[in-house]
Undergrad: 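Quick one: the structure is below, and I'll ask about it shortly.
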Protein chains: 2
Amino acid sequence: MSAENSILAILSFWPSSGYDIKAEFEHKAAGLYWGMSYGSIYPKLKKLEEEGLIFPMEKEEEGRKKKLYELTSNGWGEFEKWLQATPAYPVVKDELLMKMSTWHEDMDSSVLISHLQARKATTEDILKFVKEWPTNGNSYISNYGMLSIRYAEKRLKTELEWIEESIEALIKDKLPTGQDPYGNTDKMMLRRREALKTLKENN
Amino acid sequence: MSAENSILAILSFWPSSGYDIKAEFEHKAAGLYWGMSYGSIYPKLKKLEEEGLIFPMEKEEEGRKKKLYELTSNGWGEFEKWLQATPAYPVVKDELLMKMSTWHEDMDSSVLISHLQARKATTEDILKFVKEWPTNGNSYISNYGMLSIRYAEKRLKTELEWIEESIEALIKDKLPTGQDPYGNTDKMMLRRREALKTLKENN
DNA sequence: TGTTGCATGTAATCAGTTACATGATTTT
DNA sequence: AAAATCATGTAACTGATTACATGCAACA
């Protein structure tokens with residue numbers, strides 16, 4: 001349900017086409033907190049039109065023709081109802097963290113370091129964008145929007161700090177000490193070697 | 001594809017049942033970076049078994065019977081291949097941030113404050129858990145796992161700081177200044193009032 | 001004139017959740 | 001004896017992506 005609402009939210013800024021909405025999710029404000037592909041956007045625009053929440057206003061001037069959608073009064077109503085509803089706590093799916101949590105001693109830690117370096121590069125790019133964007137002279141950002149940009153900035157900086165610390169710890173082989181009350185690391189390594197031995201025997 | 005890999009990853013710790021895996025995603029390490037419901041887990045276990053990556057080992061002792069799954073040698077291979085593949089950059093879907101970015105002046109900001117307070121409460125709970133967990137005396141956390149716990153801790157603390165700053169700014173009505181080179185805020189308010197006027201006329 | 005970017009859209013597919021159904025064991 | 005928790009599973013549904021198909025406009 002919330003994917004449709006985020007389309008309404010984008011249309012609240014100004015009338016937009018499907019293409020514009022995609023761009024907004026790709027390089028702009030909304031992209032930091034949400035994402036969506038054409039295969040979702042166009043069918044949803046159609047659905048929202050059928051529900052009477054938006055209507056198409058065939059474009060004026062300029063070379064290219066595009067189909068801009070604008071909120072109806074019901075659309076505004078729906079949008080503001082959504083704003084007031086308690087937001088769901090974000091569900092995180094972070095493959096790097098998942099991999100790191102299940103990394104083990106028989107794996108080459110330099111691979112994990114290179115995962116961290118890749119993450120660092122992307123995070124730095126996004127941080128650069130987030131810093132420049134509110135003063136680029138042509139993007140619209142409301143005062144409320146600035147609050148969420150501050151969030152992005154803080155969060156990305158913290159992430160970079162952690163990445164650097166972690167790379168450092170891995171290189172110097174000074175990882176923090178975990179907790180293993182039942183000797184699980186050893187058990188795990190035994191299970192693994194046992195399983196891989198079986199593989200050799202079968203080949 | 002990665003959902004299956006995260007099941008393999010959990011099984012790498014120790015043989016587990018579908019129920020165990022769910023629990024792991026709910027209250028433990030993995031839950032901070034991933035999530036999954038029974039409706040996904042059981043069919044995936046079946047599929048992984050068919051693919052020869054895991055096999056069931058009917059439970060030993062204890063009262064309840066459960067079906068523990070263990071990695072095969074191919075399962076270990078697949079798991080470690082996955083560990084080495086470059087992780088995708090996490091896709092964030094944060095409804096609170098999306099709402100905040102599109103909040104506007106005709107909406108009661110006390111509602112936004114209460115959204116922030118709800119988020120704060122949940123974040124505090126999770127932070128508390130994350131802090132206690134590595135020293136609870138019975139959970140297994142590898143040294144690599146500790147690195148990712150540090151991430152969670154840092155990130156949650158940063159989030160709390162930002163929430164407090166933001167509540168403060170909203171209460172005192174001292175929001176940071178955004179950027180509005182084409183007078184969009186005014187245009188938006190006009191469009192909105194125009195649309196809502198139409199609604200009144202039709203009722 | 002060929003390539004890139006703008007622009008809209010659909011069909012096939014994949015991934016996931018919710019709700020339901022069932023039943024055993026443990027605790028109160 | 002009832003309630004809670006452990007435990008497994010399926011069917012219906014929702015939601016979203018990928019790949020494909022199409023075509024015009026701008027530009028080099």
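Bear in mind the structure is a predicted one, so any value in this text is a computation, not a measurement. Labels below follow one simple rule: chain letters A, B, ... track the order of the sequence lines, proteins then strands, and each chain is numbered from 1. Computation of the quantities below employed the complete heavy-atom set of this structure, encompassing side-chain atoms and omitting hydrogens, waters and symmetry-equivalent molecules.
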Undergrad: Among residues two or more places apart or on two chains, list those pairs meeting salt bridge (Lys or Arg N to Asp or Glu O under 4.0 Å) that have a residue in residues 130-151 of chain B.
TA: B:K128-B:E132

Undergrad: Would you kindly give the CD1-to-P distance between B:I41 and C:dA15, to the nearest whole Å?
TA: 16 Å

Undergrad: Between C:dA15 atom P and A:M36 atom CE, what is the distance in whole Å?
TA: 20 Å

Undergrad: B:Y182 ring centre to B:K187 NZ or CZ under 6.0 Å, with the angle to the axis within 45°?
TA: no

Undergrad: Apply salt bridge (Lys or Arg N to Asp or Glu O under 4.0 Å) to B:E105 and list each qualifying residue two or more places apart in sequence or on a separate chain.
TA: none

Undergrad: What pairs with B:D106 under salt bridge (Lys or Arg N to Asp or Glu O under 4.0 Å), at least two apart in sequence or on another chain?
TA: B:R192, B:R193

Undergrad: Rounded to whole angstrom units, what separation is found between the CG atom of B:L48 and the P atom of C:dA15?
TA: 12 Å

Undergrad: Return the angle between end axes of the helix from C:dT1-D:dA28 to C:dT28-D:dA1, with five pairs used per end and rounding to 10°.
TA: 30°

Undergrad: Between D:dT17 atom C1' and A:K22 atom NZ, what is the distance in whole Å?
TA: 10 Å

Undergrad: When you measure from the side chain of A:Q179 to the backbone of B:N136, do you find a donor-acceptor pair of N or O atoms at a distance under 3.5 Å?
TA: yes

Undergrad: Measure NZ/B:K47 against P/C:dG16 and give the value in whole Å, please.
TA: 10 Å

Undergrad: Looking at D:dA16, I'd like to know if its phosphate oxygens (OP1 or OP2) sit under 4.0 Å from a side-chain N or O belonging to A:S37.
TA: no

Undergrad: Output one line per pair: protein atom, nucleotide atom from nucleotides 8-11 of chain C, and distance, for all N/O pairs under 3.5 Å.
TA:
unit_1 : atom_1 : unit_2 : atom_2 : d
C:dT8  : OP1    : A:K67  : N      : 3.0
C:dT8  : OP2    : A:S17  : OG     : 3.4
C:dT8  : OP2    : A:Y19  : N      : 2.9
C:dT8  : OP2    : A:Y42  : OH     : 2.9
C:dT8  : O5'    : A:Y42  : OH     : 3.3
C:dG9  : OP1    : A:K67  : NZ     : 3.3
C:dT10 : OP1    : A:K46  : NZ     : 3.3

Undergrad: In chain order, what residues pass the side-chain contact (heavy atoms from CB on, under 4.5 Å) check against A:D108, with sequence neighbours excluded?
TA: A:S110, A:V111

Undergrad: The criterion is salt bridge (Lys or Arg N to Asp or Glu O under 4.0 Å); which residues satisfy it with A:E153, sequence neighbours excluded?
TA: A:K157

Undergrad: So, using side-chain hydrogen bond (donor to acceptor under 3.5 Å, both in side chains) as the criterion, who are the partners of A:S166 when residues are at least two apart?
TA: A:W162

Undergrad: Between C:dG16 atom P and B:N5 atom CG, what is the distance in whole Å?
TA: 11 Å

Undergrad: What is the distance, rounded to the nearest whole Å, between atom CD1 of B:I21 and atom P of D:dC6?
TA: 16 Å

Undergrad: For A:S114, what residues pass the side-chain hydrogen bond (donor to acceptor under 3.5 Å, both in side chains) criterion, not counting sequence neighbours?
TA: none

